[in-house]
Every structure is written in structure tokens, then in C-alpha cells.
Amino acid sequence: MNNNTHGQEEADNDNLQPQIQLQDSNTPTPLPVTPEQDKLLESALRIKIMHALAGEPLTSKQVAEDLQKTPGNIHYHIIKLFEGGLLDLVRTEVTGGIVQKFYRSKATWFRSANFSGFQFQKEDTVEHFTTRLTLSERELENFQQELKQFISIWESKITHGEEYGVDIVIGRLNTDSTPSLGGESLK
């Protein structure tokens, strides 16, 4: 639950957004996940938790504060992610009889062998974009890296509202089926 007054929510939200540093190096290789782990990641909140724990190790209370959620709710999800092998327990500290566990995510990008995309109902589909690009191997790598960084920024933001799926497919097109104009190839 957000503690901001109604009129301040939008302005305050901008100041609370995590700052993602665009990397000069290549984006890390996605972590291969099992079908069970893939199921654990079917939640925008859990993806936000994975991003919150990508840097320095944090406790569930610290993550809850960062994400403006209740500590009990975040603790529940952190335990599920930890038990599912997606988080590492980095250290445990005892202060005044209170045990604090610090976690770090193993990744923020995942690859599932069983991934088949979302099954959107027609009335739930917000937008469908298609385009074609000509890219060298290096340009394709840069495009993919920039796209992942852009998505990471939005996955990490403190947002409110309904949950949406984003399904992006990038693949090299079969040039044998390139459309033509007036009998000439568009190659």
C-alpha cells in the first residue's frame, strides 16, 4: 500500500524509480530455468524482486521498502524464489536477537526451454507491433542489448495498475520469401 497522499503519488513515484545504468559491456547471458522456476517467474512482482536483489544483497524488509510493498508479502515471495533456486542467501546477521537474511538474485534475464509465449485473449491484447530491420551481427547484438536494457528499466520501476505481458520475438527472416513489387525482388 502506498503511503503517499493521492495528489503526491505521481510526483513522488518519479523520484523513487531505480536508476538503471546502461552497460557498456554485453548484457549477461540469460539464466537457464526449469519449468518449475519458470512458473515462479510468472509474476511482475517477483520480476521486480529479482531486479531489486540484482545489486547489493538486501533483506526482505529492505526490498519491501524499495518496492513500497508490505514486508510480509515480499518475504513470502523471496522465500518462494529462494526455495526455487533463483536467489542466493549471501549472509545472515543477528542483531538484538533479530535474524536478518540478505539475498541476491542469480539473474534478471531467464531462458526457459519450454517457453512458448503468452496466450493473450483477443480483448486483452493491448498492442501488436511488427517491423523489419536490416542488421549486421554486431548491430543485432546492440539492438538486443538496448532492448533488454529498456525492458529492465520498466521491470525495475515502481509502478501501479494491472499486470501486462510483453512477448518480443526476434528472428532472421527467410529471404527466399521476400515480397516483390512488379515481379522484382525487394532484396
Measuring from atom [atom1] of [X] to atom [atom2] of [Y], what distance do you get when rounded to the nearest 0.5 angstrom?
X	Y	atom1	atom2	result
W154	H51	CH2	NE2	13.5 Å
I74	K61	CD1	NZ	14.0 Å
M50	L81	CE	CG	6.0 Å
T108	L53	OG1	CG	11.5 Å
S156	I49	OG	CD1	12.5 Å
I47	E42	CD1	CD	10.0 Å

### Task
Show your reasoning for whether side chain to side chain contact (heavy atoms under 4.5 Å, CB included) applies to L86 and L31.
CA-CA 9 Å; L86 294 167; L31 177 71; 4.2 Å; yes

### Task
Carefully, step by step, assess Q68 and H160 under the rule side chain to side chain contact (heavy atoms under 4.5 Å, CB included).
CA-CA 10 Å; Q68 301 176 358; H160 307 282; 4.3 Å; yes

### Query
How about E162: does its CD atom have over 12 heavy atoms from other parts shown lying under 6.0 Å from it?
no

#### Entry: Neighbour count >12 (heavy atoms, 6.0 Å) for atom NZ, K106
yes

### Query
Does R138 pair with E141 as a salt bridge, N-O distance under 4.0 Å?
yes

### Task
Flag yes if I170 and V166 sit in one hydrophobic cluster, no otherwise; membership is Ile, Leu, Val, Met, Phe, Trp, Tyr, and two members link when side-chain heavy atoms are under 4.5 Å apart.
yes

### Within one Ile-Leu-Val-Met-Phe-Trp-Tyr cluster: Y164 and L45, side-chain cutoff 4.5 Å
no

### Query
Given Y103 and V63, is the side chain to side chain contact (heavy atoms under 4.5 Å, CB included) satisfied, shown in steps?
CA-CA 10 Å; Y103 297 92; V63 173; over 6 Å; no

Quick check: do [X] and [Y] have side-chain heavy atoms less than 4.5 Å from each other?
X	Y	result
K101	T92	yes
I151	W109	yes
D66	K48	no

#### Entry: Given H75, H77, K69, the one that forms side-chain hydrogen bond (donor to acceptor under 3.5 Å, both in side chains) with N73
H77

### Message
For V33 and L40: C-alpha separation, side-chain torsions, deciding distance, then whether side chain to side chain contact (heavy atoms under 4.5 Å, CB included) applies.
### Response
CA-CA 10 Å; V33 293; L40 287 171; over 6 Å; no

### Task
Examine distances only and state if a side-chain atom of R104 and a backbone atom of E56 form a donor-acceptor pair shorter than 3.5 Å.
no

### Message
Donor-acceptor check, side chain of Q37 to backbone of G84, threshold 3.5 angstrom: yes or no?
### Response
yes

